[in-house]
Protein chains: 2
Amino acid sequence: MNELEPEHLKSAGLKSTLPRLKVLDLFKNGQARHMSAEDVYQLLRDSGDNVGLATVYRVLTQFEQAGLLVRHNFEGGKSVFELNEGTHHDHIVCMQCGHVEEFYDSAIESRQKKIAAELGFEIHDHTLQIYGDCTKTKCPHRR
Amino acid sequence: MNELEPEHLKSAGLKSTLPRLKVLDLFKNGQARHMSAEDVYQLLRDSGDNVGLATVYRVLTQFEQAGLLVRHNFEGGKSVFELNEGTHHDHIVCMQCGHVEEFYDSAIESRQKKIAAELGFEIHDHTLQIYGDCTKTKCPHRR
DNA sequence: GTCGCAAACGATAATCATTCTCATTTGCAT
DNA sequence: ATGCAAATGAGAATGATTATCGTTTGCGAC
């Protein structure tokens, strides 16, 4: 098991508690990059930790506000989170298997800045998702 | 009052009922272009119509499936709908007042197609929203 | 090291948007 | 006009998320 990093919590003004370290570890060392609150809850439960669902929601929101995680609202009605590694990117989501790929396109980014400026907006944030199928015939990430 | 257009419902395989005509009229002749289910419900109630919220949700979903309306999932947890006029566009949403502007950028569109192809995806749909403030100092659309 | 206390926790109730159920009403073809 | 399946309205049910509250815990002061 890799080392947990309570200093990240400290610097965010958050006490270094057990549930918070567990959640952070899941995102840093777990296998899934994008997880919903329920996903996190189930994974912690499966590994024998007695965490409450409410705590998971609280911690995810705090981590989002602290800039440790980024929240996405993909279709399907539940928020998914991923580690904030400082590099902005957009997402393309497979509607067959739920697989998520990330991409970054500087041309799209700069067009957005230009458009916002033209319309008199100051950008806070933006979100671009493409929904589709992994391939035309067979989804390689089917679960 | 402008004329309602039951033939749109007919061609979509939907009976031309009173609640459906009322909802369609709101989108065609109402003042707000983007409305949530609750918005539609309240507006119909305010104009004296005895519609049920469940019916509003049903009708909006049917209209979406029939291609009469487009559904958007902006931040805030509720779906908003707008008339489908055939022209795809993306949205920039003011986080102060909720005002929505539409835009279309062919450069962004073509980059998306290219990216999806490179990643082996067949695009079903995509959604791009920019969140920001109307202006730096004072929001002209504040309500 | 332990004491104290505010912060954080877990369980569960509450909330919010949305969907489902079902008895009643209504378009529409006969 | 009549019949009946489709549509409606009221309210219950659901799923995700948030608030409440009594208990536990991290951590600084002693």
Side-chain angles (χ1 to χ4, degrees), chain A residues 4-26 34-66 68-69 71-81 98, chain B residues 4-26 34-66 68-69 71-81 98:
Chain A
L4 300 180
E5 306 180 27
E7 59 278 12
H8 282 169
L9 299 179
K10 272 279 177 47
S11 65
L14 296 170
K15 270 193 205 171
S16 153
T17 68
L18 223 45
R20 286 178 183 156
L21 292 172
K22 295 271 177 55
V23 170
L24 192 53
D25 181 53
L26 247 191
H34 301 87
M35 289 181 282
S36 68
E38 190 68 28
D39 293 338
V40 170
Y41 176 69
Q42 287 305 333
L43 285 170
L44 292 182
R45 278 296 165 123
D46 292 351
S47 63
D49 297 307
N50 181 30
V51 289
L53 181 55
T55 301
V56 171
Y57 274 102
R58 264 188 304 243
V59 169
L60 290 175
T61 300
Q62 289 161 343
F63 283 5
E64 183 200 6
Q65 289 168 347
L68 294 172
L69 297 179
R71 179 196 300 258
H72 300 290
N73 297 297
F74 296 155
E75 282 181 10
K78 47 175 64 177
S79 296
V80 305
F81 297 81
Chain B
L4 301 180
E5 308 181 26
E7 60 278 11
H8 283 169
L9 299 179
K10 272 279 179 46
S11 65
L14 297 170
K15 271 193 204 171
S16 153
T17 68
L18 222 46
R20 286 177 184 157
L21 293 172
K22 296 273 178 54
V23 171
L24 192 53
D25 180 53
L26 247 192
H34 300 86
M35 289 181 282
S36 68
E38 191 68 30
D39 293 339
V40 170
Y41 177 69
Q42 287 305 332
L43 284 170
L44 291 184
R45 279 296 165 123
D46 292 352
S47 63
D49 296 307
N50 181 30
V51 289
L53 182 54
T55 299
V56 171
Y57 274 101
R58 265 189 303 243
V59 168
L60 289 175
T61 301
Q62 289 161 345
F63 283 6
E64 182 199 8
Q65 289 168 349
L68 294 172
L69 296 178
R71 178 196 301 259
H72 299 291
N73 297 296
F74 297 155
E75 281 181 11
K78 48 176 63 175
S79 297
V80 305
F81 297 82

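Chain naming here is simple, since letters A, B, ... match the order of the sequence lines and numbering starts at 1 in each.
In this structure, the side chain of B:R45 engages the main chain of B:V51 through a donor-acceptor pair within 3.5 Å. Side chain of A:D39 to main chain of A:S36: a donor-acceptor pair is present (N/O by atom type, distance under 3.5 Å, no hydrogens or angles).
The nearest whole Å value for the distance from the CG atom in A:L44 to the C1' atom in C:dG10 is 14 Å. Nucleotide C:dC16 holds its P atom 14 Å from the CD atom of B:Q42, rounded to whole Å. The nearest whole Å value for the distance from the CG atom in A:L21 to the C1' atom in C:dA8 is 13 Å. Distance A:K78 NZ to D:dT18 C1': 16 Å, rounded to the nearest Å. Counting to the nearest Å, the C1' atom of D:dG15 and the OH atom of A:Y41 are 15 Å from each other. Across the protein-nucleic acid pair, A:D49 atom CG and D:dT25 atom P stand 14 Å apart, rounded to whole Å. What separates OH of B:Y57 from C1' of D:dG11 is a distance of 15 Å, to the nearest Å. In this structure, B:R20 places its CZ atom 15 Å from P of C:dT26, rounding to the nearest Å.
Put simply, A:T55 has a side-chain N or O that comes within less than 4.0 Å of OP1 or OP2 on C:dG10. Of the side-chain N and O atoms in A:N50, none sit less than 4.0 angstrom from OP1 or OP2 of C:dC9. A:S79 has a side-chain polar atom (N or O) that falls below the 4.0 Å cut-off from OP1 or OP2 of D:dT17.
In this structure, B:K15 and B:V56 both approach DNA chain D, and ranking their closest nucleotides by distance from the 5' end singles out B:K15.
Backbone-only contact: A:T17 has heavy atoms under 4.0 Å from sugar-phosphate atoms and none from a base. Nucleic acid contact for B:R71: none, since no nucleic acid atom lies under 4.0 Å from a heavy atom of the residue.
Checked options A:T17, A:V23, A:L21; the residue passing with A:P19 is A:T17 (criterion: side-chain contact (heavy atoms from CB on, under 4.5 Å)). Test B:L68, B:L9, B:T55 against B:R20 for side-chain contact (heavy atoms from CB on, under 4.5 Å) and you get one pass: B:L9.
When distances run from any side-chain atom of B:A37 to the nucleotides D:dT8, D:dT18, C:dT18, the shortest one goes to C:dT18. When the nucleotides C:dC9, D:dA19, C:dT18 are ranked by their closest atom to the side chain of B:L53, C:dT18 comes out on top.
No hydrogens or angles were tested; on distance alone, a donor-acceptor pair under 3.5 Å links the side chain of B:R58 to the base of D:dG9.
The two residues B:L14 and B:A66 have their closest heavy-atom pair at CD1-CB, 4.5 Å.
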